[in-house]
Amino acid sequence: MIAAAVARALASVRVVPDYVPFFGGLDTVTPPLQLPRGFCRAAQNFEASINGGYERFKGYERFDGRSPPSDGQYAILNVTITGTFAVGDTITGETSGATAVVLAVVTSGTPDYLVITKIVGTFVNPETLNVAAVGQGTTSSTANVNGASTAKLHAQYNNLAADEYRDDILAVPGSGIIRGVWMLNDVVYAFKNNAGGTACAMYKSSVSGWTAVALGRQLSFTSGGVTAIAEGNTITGAISGATAVITRVVVTSGTWAGGDAAGKFIFASQTGTFQAENIDVGATLNLATIAGNSSAITLLPDGRFEFITKNFGGKANTNRMYGCDRINKGFEFDGTVFVPIDTGMTTDTPNHVREHKNHLFFAFAGSMQHSGLTVVSGTTERFGPYNWSVVVGAGELAMGDTVTGFMDQPGGEAEGAMAVFTRNKLLILYGNSSSDWNLIGYKGEIGAYAHSIQKVGTTLMLDDRGVTTLATSANYGNFADATISQRIQGWVNEERPKIKASCIARDKNQYRLFFSDAYALFVTMDNKKLVGMMPMLFIDNVECVCSLEKVDGSEAIYFGSDDGFVYQMEKGTSMDGDAIEAYLHLAFNNSGGPRVMKSYRNGMLEVTGDGYAELQISADLGYASSNVLQQDSQSVVTSFSAAVWDDFTWDAFIWDGQTLIPSEFDLRGDAENVSLKILTNADYFQPVKISGVILNEISRRLMR
């Protein structure tokens with residue numbers, strides 16, 4: 001009778017599944033009972049996905065224009081070993097002449113095999129494999145690309161191949177940190193001090209790595225003749241006979257037709273030495289007057305570069321890079337020709353750059369200056385970015401505080417606006433040119449740190465109060481601001497003085513901030529609303545960063561570090577070969593009953609991924625109280641989507657495949673709430689997205 005009663009009682013116990021969607025990001029401020037479930041109380045290297053859930057950061061790897069390490073492939077080559085093979089050996093097929101590099105030597109199975117990469121040619125079966133011209137074994141198969149016997153081995157061997165190719169990617173030549181990085185027409189450019197630290201050099205990516213960019217020479221001229229000198233013309237010194245082929249003509253005042261054009265010539269090199277003389281083009285004499293020889297275009301060291309890309313000419317395929325670095329003059333570069341821009345400032349060293357209404361804007365401490373518009377007069381084109389005279393519409397606006405950046409904004413019904421940020425206040429510039437500019441002060445207490453201003457649907461910046469948005473209202477040109485980082489305000493307060501750089505991630509609708517201690521903050525937005533903020537911890541410091549669209553429309557994000565390397569984000573499975581340690585500690589979930597004791601039975605995570613990965617899951621019960629029996633850790637491994645679980649506590653699980661996989665785990669314990677803890681830590685795991693969890697539990701009684 002007693003046994004039957006017990007059986008009936010057990011049968012009447014109702015196990016309730018409680019689904020907890022993961023969303024909201026990190027919250028270190030809200031008290032536990034008020035913190036929405038699905039938020040995180042601690043997190044690292046997971047991102048808040050725009051569609052909900054948390055996704056492990058994909059990683060980054062070094063870049064110099066050669067094939068990325070993650071594109072490296074491996075192959076399995078069965079061998080009969082008679083000598084010795086070692087990792088790093090270059091093997092050569094005695095018959096085929098094929099070569100490869102050994103990644104691993106596996107002798108624990110049948111047959112023995114080599115994991116190889118960098119294969120040149122085709123190995124045959126059978127043939128002797130030589131190392132340094134000495135036979136060490138014989139093939140018993142041909143090379144089987146991606147031929148690992150398990151998903152885990154496949155991921156590990158891919159990672160070994162990436163490590164081998166990684167060693168081929170070199171730092172930018174020179175010394176010190178990367179001072180600027182940008183992409184133009186799918187070519188990445190990096191700026192770095194030379195080996196002696198006496199100048200800054202410019203490099204471009206290529207299939208053979210970083211290649212120095214020659215900045216060319218410049219030659220000032222006055223008293224232009226009535227015939228225009230154009231790009232492609234060969235100029236000749238009337239006395240010296242020196243010659244040069246013009247790559248750019250910069251007219252800063254006057255016109256050729258009026259005989260008073262003045263400015264400078266840009267060219268790559270010259271033959272001979274110019275002197276004070278007239279300049280001829282072929283049989284056409286005395287077209288310009290020069291005061292002496294040309295000078296090499298050089299950059300002083302230790303700048304901090306900032307860039308934009310803009311097509312001021314209006315023609316197709318004429319995008320040019322415009323930049324400044326607070327140490328040198330601003331400049332223009334089209335992929336071949338480098339043109340220093342003279343603004344007329346006594347100290348001509350701008351520190352911020354922007355384009356607005358077809359004007360080029362530079363910031364000089366508390367001054368904001370802009371170029372004139374492009375003007376064509378007869379045969380003379382007064383190209384806007386080269387023209388800084390009030391006669392052609394250039395101008396200066398005093399800010400009263402140090403300018404820290406610009407960002408275009410929607411304005412009234414018929415005109416756009418530009419937000420001008422200073423360290424402690426914000427102003428809005430309305431109008432279309434110097435004829436109708438209207439600079440309006442917004443709020444004195446809103447400012448921005450330099451290099452923190454980006455736009456993701458709305459403008460975001462880092463201010464003294466935290467991460468702040470600037471969103472337009474419906475009242476034509478008025479704005480509403482809001483600080484959105486309250487949930488992690490303590491973390492932001494500690495990190496904000498360390499701000500180094502920022503960028504956007506278009507594909508993920510993210511605003512990313514990078515700090516000098518290798519931490520970063522990824523802010524995910526959706527239709528101008530915050531989805532979540534999640535901290536990252538990189539292995540390599542981010543000194544500068546750019547996020548741009550390639551010609552094919554895909555996004556590329558590059559950053560320069562203090563080790564002299566350039567890295568590409570969203571690439572590979574690691575932080576340039578180092579493991580990505582990522583974790584989530586979820587909010588304590590009480591299933592709607594904060595003082596109701598529950599018996600937890602098991603759970604199921606909702607996971608998606610593109611490849612092999614491993615996670616560990618554990619739990620804190622009852623606010624991790626020492627009065628509650630906490631669970632010991634235990635690792636259990638599964639392969640693909642099959643699940644084999646041990647009896648207690650928390651487990652590790654592994655999956656493979658591009659699909660949604662329900663991953664079950666044991667969760668045993670009695671408490672009023674539970675906080676899941678999820679960890680992943682390796683250099684070969686593919687990123688995974690965890691959308692939520694189902695917790696199976698039994699409600700028992702009110703706590704006494």
Side-chain angles (χ1 to χ4, degrees), residues 56 58-62 66-81 84-93 96 98-125 129 131 136-169 568 570-581 609-615 635 637-642 652-658 680-688:
R56 199 214 70 186
K58 186 168 185 177
Y60 59 83
E61 58 189 11
R62 62 187 63 180
R66 283 176 272 213
S67 296
S70 56
D71 283 358
Q73 285 190 322
Y74 74 91
I76 301 296
L77 185 62
N78 295 337
V79 295
T80 300
I81 299 176
T84 302
F85 294 101
V87 172
D89 283 348
T90 297
I91 59 172
T92 304
S96 65
T99 62
V101 175
V102 176
L103 296 175
V105 182
V106 181
T107 59
S108 58
T110 304
D112 297 339
Y113 63 88
L114 303 178
V115 183
I116 59 176
T117 192
K118 292 186 175 177
I119 303 170
V120 178
T122 304
F123 290 98
V124 298
N125 177 30
L129 295 179
V131 177
Q136 303 293 343
T138 305
T139 62
S140 57
S141 74
T142 56
N144 182 11
V145 177
N146 296 333
S149 58
T150 68
K152 183 172 185 176
L153 286 175
H154 174 70
Q156 291 173 330
Y157 294 162
N158 265 335
N159 188 58
L160 292 176
D163 289 341
E164 176 65 29
Y165 281 89
R166 183 173 289 109
D167 291 338
D168 298 334
I169 310 298
Q568 185 174 5
E570 308 297 321
K571 295 287 288 185
T573 60
S574 66
M575 292 183 176
D576 196 46
D578 289 305
I580 299 177
E581 181 181 5
D610 293 334
Y612 182 86
E614 298 181 15
L615 288 179
S635 296
V637 175
T638 67
S639 185
F640 300 100
S641 58
F653 50 90
I654 300 174
W655 64 90
D656 178 75
Q658 190 171 4
T680 177
N681 188 9
D683 59 357
Y684 62 93
F685 296 163
Q686 291 287 343
V688 294

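Nothing here was measured: the structure is a model prediction, and the numbers come from that model. The residues of the chain are indexed from 1 along the displayed sequence.
- A perpendicular orientation is assigned to the rings of Tyr157 and Tyr74, their planes being inclined by more than 60° (bins at 30° and 60°).
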Asp89 vs Val105, side-chain contact (heavy atoms from CB on, under 4.5 Å): CA-CA, chis, key distance, verdict: CA-CA 10 Å; Asp89 283 348; Val105 182; over 6 Å; no

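- Between the Ser140 side chain and the Thr80 main chain, no donor and acceptor come within less than 3.5 Å of each other.
- Without hydrogens or angle criteria, Arg56 side chain to Ile580 main chain gives no donor-acceptor distance under 3.5 Å.
- Separating the CD1 atom in Ile76 from the OG atom in Ser141 is a distance of 9.0 Å, to the nearest 0.5 Å.
- Nearest heavy-atom pair, Ile169 versus Ser67, reported as atom, atom and distance to 0.1 Å: CD1-O, 3.8 Å.
- Side chain of Thr680 to main chain of Glu614: a donor-acceptor pair is present (N/O by atom type, distance under 3.5 Å, no hydrogens or angles).
- With Asp168 as reference, Lys118 is the one residue of Arg62, Arg66, Lys118 to meet the side-chain hydrogen bond (donor to acceptor under 3.5 Å, both in side chains) rule.
- Between Leu153 atom CG and Asn158 atom CG the span is 11.0 Å, to the nearest 0.5 Å.
- The nearest pair of heavy atoms linking Lys571 to Pro68 is NZ-CG, 3.9 Å.
- One N or O on the side chain of Gln136 and one on the backbone of Thr84 form a donor-acceptor pair closer than 3.5 Å.
- In plain terms, the two heavy atoms of Thr573 and Asn159 that are nearest each other are OG1-OD1, 4.0 Å.
- Taking the charged nitrogens against the carboxylate oxygens, Lys58 and Asp610 have no contact shorter than 4.0 Å, which rules out a salt bridge.
- The line from CD1 of Ile116 to CG of Asn144 is 10.0 Å long, rounded to the nearest 0.5 Å.
- Taking CD from Gln568 and OH from Tyr60, the interatomic distance works out to 13.5 Å, rounded to the nearest 0.5 Å.
- Partner Ser96 forms a side chain to side chain contact (heavy atoms under 4.5 Å, CB included) with one of Thr142, Thr122, Val124 and no other, that one being Val124.
- In this structure, the side chain of Glu61 engages the main chain of Ser70 through a donor-acceptor pair within 3.5 Å.
- The heavy-atom pair separating Ala579 from Asn681 by the smallest distance is CB-OD1, 3.4 Å.
- Separation of atoms CG (Leu129) and OG1 (Thr138) is listed at 7.0 Å; rounding is to 0.5 Å.
- Separation of atoms OG1 (Thr117) and CG (Leu103) is listed at 5.5 Å; rounding is to 0.5 Å.
- Residues Val87 and Leu160 form no side-chain contact, since every pair of their non-hydrogen atoms from C-beta on lies 4.5 Å or further apart.
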